[in-house]
Number of protein chains: 2
Amino acid sequence: MENDLGHELTRAVLTTADTFLREGQRLFRRHGLTAAQYNVLSLLATGPADGMSQRELGDLLVVDRSNVTGLVDRMEKAGWVRRADDPQDRRVYRVQLTAAGRRLWSEVAPLYAQVVAQVTAALSESQARATLKVLHKLQEGAVAWELPE
Amino acid sequence: MENDLGHELTRAVLTTADTFLREGQRLFRRHGLTAAQYNVLSLLATGPADGMSQRELGDLLVVDRSNVTGLVDRMEKAGWVRRADDPQDRRVYRVQLTAAGRRLWSEVAPLYAQVVAQVTAALSESQARATLKVLHKLQEGAVAWELPE
DNA sequence: AATAGATTGTTGACATCGCAACAATCGAGG
DNA sequence: CCTCGATTGTTGCGATGTCAACAATCTATT
């Protein structure tokens, strides 16, 4: 494959993701949420009932755990999550949704699903599957690279 | 198209872009660059010889012009760019590459090209073209959405 | 049991980002 | 020529992100 096409493809991936994030922010904003906070909400709403540690959240969000501190701080202040002590390990908090958090999730999740439906409306199923396969290959290629000297 | 597939697809776009950014940061870091700074370098290196205004840079980077202030500040301090006065308009600076900036670009650009080549190595040309088409459709879908209410 | 080595969450320094408000400047219409 | 609306770059605030360093705590090994 020639290189110009590769450049165009990687650029398209980046700008498409950027557009998604931008539009997502606009959607969540009316509910006082940011994209990162929506992701936390989503993880907690579909995860184990007793919540998750900040470390787990960081891993699943693919961010450093130091980020999770402030993220949870702000969501706790907003009343959507709570830090419960872990009975097994005194180093960790179990971050859990509050009733208000669950309520917010039930409002926002359908909205997001609707946006996803609209964004992907113009695609056939086979196109979607083929694109998924390509994206996975791209990710493997990026990870496989491993920083040569 | 069913919605689970749509969710998977949008998530794949976001995580793939995230991986690219992460690996890109690792690459640029050894040269003291960030991804945003690499983009500025690229725009200036391939753009008009008398440089670009901060407004133009912001438009092309798809970021608010207030971001460009700090970005150019740091690159100016590093000696890679310079703010020249615009002879036509006293409000604007023409941001230009310095000799050091051009030197840096000549080091970093081939590296980046090599990474792109490697990341896209596993793809056929037809796959790449099909994926490009899908990504464009996704972007149109996101932009077309236009915040109901 | 005691110690050495991981792990967890926090903090501080720095770089992007968006948004809103400002002063300086431009440009068009009277 | 002069005023009024638009544009440019800057600044301040808040959110997200990385990385490095720390204290508290776990865990495994002796």
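Chain A is the first sequence line, chain B the second, and so forth, proteins listed ahead of strands; every chain is numbered from 1. Every heavy atom of this structure was used, including side-chain atoms; hydrogens, water molecules and symmetry mates were not.
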Query - Nearest non-hydrogen partners of B:Gln139 and A:Thr19, listed with the distance - result: OE1-OG1, 3.2 Å
Query raised in the report: What nucleic acid atoms does A:Val62 come within less than 4.0 Å of, heavy atoms only: base, sugar-phosphate, or nothing?
Result: sugar-phosphate
Report task. May I have the distance from B:Leu33 (atom CG) to C:dA15 (atom P), rounded to whole angstrom? Result -> 13 Å
Query raised in the report: In terms of side-chain heavy atoms of A:Thr69, which of C:dT11, C:dG18, D:dT10 is nearest?
Result: C:dT11
Query raised in the report: Do B:Arg65 and D:dG9 share a donor-acceptor pair, side chain to base, under 3.5 Å?
Result: yes
Report summary line: CG of A:Asn39 to CG of A:Leu60, rounded to nearest 0.5 Å, is 10.5 Å
Query raised in the report: Which sits closer to the 5' end of DNA chain D, B:Glu56 or A:Leu71, going by the nucleotide each is nearest to?
Result: B:Glu56
Query - Hphob cluster co-occupancy, A:Val115 + B:Val13, side-chain heavy atoms under 4.5 angstrom - result: yes
Query raised in the report: How about A:Tyr38 and A:Trp105: are their ring centroids closer than 6.0 Å?
Result: yes
Query raised in the report: Got a salt bridge between A:Arg129 and A:Glu125, using NZ or NE/NH1/NH2 to carboxylate O under 4.0 Å?
Result: yes
Report summary line: From CG of B:Asn67 across to C1' of D:dT10 the rounded distance in Å is 12 Å
Requested in this report: Decide yes or no, distance alone: a donor-acceptor N/O pair under 3.5 angstrom between the base of C:dC19 and the side-chain of B:Ser66.
Outcome: yes
Query - Whole-Å distance separating the OH atom of A:Tyr93 from the C1' atom of D:dC26 - result: 16 Å
Query raised in the report: Ignoring hydrogens and angles, does a donor from either the side chain of A:Arg55 or the base of C:dT8 sit under 3.5 Å from an acceptor on the other?
Result: no
Query raised in the report: Once you round it to whole Å, what is the distance between C1' of D:dT8 and CZ of B:Arg83?
Result: 12 Å
Report task. Answer with base, sugar-phosphate or nothing: what part of the nucleic acid does B:Asp89 contact at a heavy-atom distance below 4.0 Å? Result -> sugar-phosphate
Query - Length of the line joining B:Asp86:CG and D:dT8:P, which is rounded to integer Å - result: 11 Å
Report summary line: Of C:dT8, D:dG17, C:dT16, the nucleotide closest to the side chain of A:Val63 is D:dG17
Report summary line: Of C:dT8, D:dT7, C:dT16, the nucleotide closest to the side chain of A:Val92 is C:dT8
Requested in this report: Name the residue closer to the 5' end of DNA chain C, choosing between B:Leu61 and A:Asp73 according to the nucleotide with the nearest heavy atom.
Outcome: A:Asp73
Query raised in the report: Does A:Ala35 or B:Gln54 map to a spot on DNA chain D nearer the 5' end, using the closest nucleotide for each?
Result: B:Gln54
Report task. Report the distance from atom CD of B:Gln25 to atom P of C:dC14, rounded to the nearest whole Å. Result -> 17 Å
Query raised in the report: Is any N or O donor-acceptor pair between the side chain of B:Arg90 and the base of C:dT25 shorter than 3.5 Å?
Result: no
Query raised in the report: Can you tell me if the side-chain N/O atoms of A:Arg74 get under 4.0 Å from OP1 or OP2 in D:dT16?
Result: yes
Query raised in the report: Quick one: is D:dT16 close enough that its OP1 or OP2 comes under 4.0 Å of any side-chain N or O from A:Gln37?
Result: yes
Query raised in the report: Is any side-chain N or O of A:Thr34 closer than 4.0 Å to OP1 or OP2 of D:dT16?
Result: yes
Report task. Let me know the distance between CG of A:Asp64 and C1' of D:dA20, rounded to the nearest Å. Result -> 10 Å
Query raised in the report: OP1 or OP2 of D:dT18 less than 4.0 angstrom from a side-chain nitrogen or oxygen of B:Arg22, does that happen here?
Result: yes
Report task. Measure the distance from CE on B:Met52 to P on D:dG9 and round it to the nearest whole Å. Result -> 11 Å
Requested in this report: Give a yes or no on whether a salt bridge exists between B:Glu23 and B:Arg26, defined as a side-chain N under 4.0 angstrom from a carboxylate O.
Outcome: yes
Report task. May I ask you to evaluate whether B:Arg26 reaches the phosphate of D:dT18, defined as a side-chain N or O under 4.0 Å from OP1 or OP2? Result -> no
